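Only one structure is covered here, and it is reproduced in the block below.
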Amino acid sequence: MAAFADYLLQDLIPASAASAFNVSGLISPAMHALSTLALLGACAVQSALGLPSNVQKRDTSSWIQGQTPVSWRKIFCNIGPDGCLVRGRNVAPGVVVASPSQSEPDYFYTWTRDAALVYKGLADALSANYTGQLNYEMQQFVISQAKQQAVGNPSGGLVNDGAGLGEPKFMVDLKEFRGEWGRPQRDGPPLRAIALIRYAKWLISNGYKTAALNNVWPVIKNDLTYTAQYWNQTGFDLWEEVPGSSFFTIVSSHRALIEGAQLAATLGQPTRVYTTVAPHVLCFAHSFWNPQQGYFVSNINGGEYRSGKDANSILATIHNFDATAGCDANTFQPCSDKALSNHKVTVDSFRSAYGINRGVPQNKAVAVGRYTEDVFYNGNPWFLATFAAAEQMYDSLLVWKQQKSITVTSTSLAFFRDHVPSVTVGTHAAGSTLYDQIISAITAYADGFIDVAAKYAPANGDLNEQYNRNTGVPLAAPDLTWSYSAFLTATARRDGVIPASWGSTQGNALPSQCQRLEIAGSYSLPPTPAFPSGLDPNPGAGPAPSTIPTGCTNPEKVFVTFNQRASTAFGQNIRLVGNVPELGGWNTDKSIPLSASGYKSNDPLWTITVPIAAGSNVQYKFIRVQGSQVTWESDPNRSFTVPAATCNIQTRNDNWK
Ligand SMILES: *[C@@H]1O[C@H](CO)[C@@H](O)[C@H](O)[C@H]1NC(C)=O
Ligand SMILES: *[C@@H]1O[C@H](CO)[C@@H](O)[C@H](O)[C@H]1NC(C)=O
Ligand SMILES: *[C@@H]1O[C@H](CO)[C@@H](O)[C@H](O)[C@H]1NC(C)=O
């Protein structure tokens, strides 16, 4: 056992990190705690081995206690260059490998989404409990992502139009991946922005605003610009299968724009693009709701051959959690009536789908997968989806206890009835019988998901991607980094750790009508981050987060919407180029892609909104692009003068000529 503990401590600290802090800082109190837990975990392993597999191995808390240090250790084992499962395999520093497995399945790549979600968890953990190692890891992540953003790839490049930011996966040494894949995936940029914003906020609140501005902001800005420009175009969902619009992607995009605007305001950067687009993203997100059946249809604009009951929607609510928003349904909070109804409908869809769920009563947790039509490895429950279902319940419990009441609406009634059959519509205050019954029933229900995972996870704490639908035997990718991260975030909520607010209560008024407002921006190569040494915790040294300025006064740039009607064949795109720098200075490489999100055969609309300096004399043309072939509109050039500073969006309507 001593050997196991030594091995553990050694592997907690990647060799490359060890030089970054001195030896006394190396073994922080938190790490001592972790190693002690590891010992407990190892003991639990021993005593659990003798039990028949159908008997629950340990109670929820003691399983968590053993699984926690293993999960921490295994996350770092998958981070380059020296994590214990990837060292010597050419993994760039700060890069999260999805799984060390190189065959059946080959997951030896880094996905922007997976990495961002893992680091979002690490950044939240850093804010809750500082360790030098976490701080170091966050900096390595920033450095790796600044580099990754610049890598040209099959989705495109960075500086001309940002299209390459939508590339879902890269080689572990950060070279581009050239194989066929479901691309682009538009959740990567907003999720990475969110993870980096969390770290930038930590830096600012500890007095390191300049380090945040110089090193982290340039990377975040590219991702926010991408989100504001491309949110209304289709892409592949988080499972990389459905080309269309994904609820998870849209909800994440909204959060990134709001939280990004808040950070930008704190850093003295412009916010108008983000705050102008965000309400329209939120407006679109609401269109995923199916009011008849009470769930978020996870894929639309292309995913209609499935029911859309998908863990996508549960992940969307937990990654949008903001305890200051209470149970707000406008921002899809985990305890909102819609999110609870969605939880029930989605989880229920798996009750009859998997053999291991057979006979489990309606008020008990079951194994949760991605979606019931799943055929990947014959379609199985996933650890991360099962933990996500638990996390939504823990988030809800935290808010109910914080606000000392639970509101049941006609939308959430069916969810609550499963757990407390006598429940009624209304607000049940702390101290009432119904409040107490709900809290105790949902606490047991939430722990039930952890127990399901515990039942099928091996005693040594290794977490695969999936577990077999009929036998529960773990399968598919071993040591999936996201599985460990999902375990840690769910159990942190169980322990009452509440992540900092993302500003969800600001800038969310829904517009009277949803618009396809996509605003093009400029992208730049992020400078190589150079963090000064000695960024030690200094809580409260920086400014409190700003409120987001809304409205617009005397803008330097006027938003101009270009609507171009042009019938196009599959594979053809319409772009815009003109004399001013905002339109690429007649350089077709720097032309602006228009969006076909509103294209119909009887109304072939291509559109984009571009901020252009007030008063500019603009000349422009549209071009039709197919591969490397460019067709220009006929002469003369189109022209207009941008009005002096105005907050009203200007519209140009043109037809291909
Ligand atoms: C932070 O670390 C300390 C020391 O290891 C531990 O006792 C405490 O529970 C941790 N708190 C959180 C919020 O993780
Ligand atoms: C774009 O936004 C509009 C308005 O919300 C919506 O109707 C449309 O489905 C969206 N399309 C895509 C691809 O996001
Ligand atoms: C359109 O603008 C370009 C770039 O300034 C110029 O070369 C071209 O002659 C213009 N076309 C006409 C017809 O004026």
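Nothing here was measured: the structure is a model prediction, and the numbers come from that model. When a ligand or atom number is given, it counts from 1 through the structure's own listing order.
For Arg306 and Glu241, the salt-bridge test passes: some basic side-chain N is under 4.0 Å from an acidic carboxylate O. Using a 4.0 Å cut-off between charged nitrogen and carboxylate oxygen, Asp124 and Arg198 count as a salt-bridge pair.
Nearest residue to atom 4 (C) of ligand 2 from Cys283, Gly302, Cys514, Pro511 is Cys514 (criterion: closest heavy atom). The nearest non-hydrogen atom to atom 13 (C) of ligand 3, considering only Asn579, Asp635, Val577, comes from Asp635.
Counting atoms of ligand 2 from 1 in the listed order, those under 4.0 Å from a heavy atom of Ser245 are 12 (C), 13 (C), 14 (O). Close contacts between ligand 2 and Thr234 involve ligand atoms 13 (C) [criterion: under 4.0 Å to a heavy atom]. Under a 4.0 Å criterion applied to the non-hydrogen atoms of Asn637, ligand 3 contributes the atoms 1 (C), 2 (O), 3 (C), 8 (C), 10 (C), 11 (N), 12 (C), 14 (O). Remark: ligand 2 atoms within the under-4.0 Å shell around heavy atoms of Asn301 are 9 (O), 11 (N), 12 (C), 13 (C).
For atom 5 (O) of ligand 3, the closest heavy atom belonging to the protein is Trp586 NE1, 3.3 Å. Looking at atom 7 (O) of ligand 2, its nearest protein heavy atom turns out to be Arg516 NH2, 4.1 Å.
By the criterion of a heavy-atom distance under 4.0 Å, both the backbone and the side chain of Asn232 are placed next to ligand 2.
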Please tabulate, for the side chains in residues 577-585, all donor-acceptor contacts under 3.5 angstrom to protein atoms that are two or more places apart in sequence or on a different chain.
| unit_1 | atom_1 | unit_2 | atom_2 | d |
| --- | --- | --- | --- | --- |
| Asn579 | OD1 | Gln619 | N | 2.8 |
| Asn579 | ND2 | Asn617 | O | 3.0 |
| Glu582 | OE2 | Lys557 | NZ | 3.0 |
| Glu582 | OE2 | Ala613 | N | 3.0 |

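Using a 30° and 60° split on the angle between ring planes, Trp606 and Tyr599 fall in the perpendicular class, above 60°. Taking the six-membered ring for Trp and thresholds of 30 and 60 degrees, Tyr109 and Phe177 have ring planes more than 60 degrees apart, a perpendicular arrangement.
Within a 4.0 Å radius of atom 9 (O) of ligand 3, the protein has no heavy atom.
For the 3.5 Å distance criterion, the side chains of Asn232 and Ser595 fail to qualify, holding no donor opposite an acceptor.
Counting all heavy atoms, side chain and backbone alike, Thr110 lies closest to Met171 at CG2-O, 4.0 Å.
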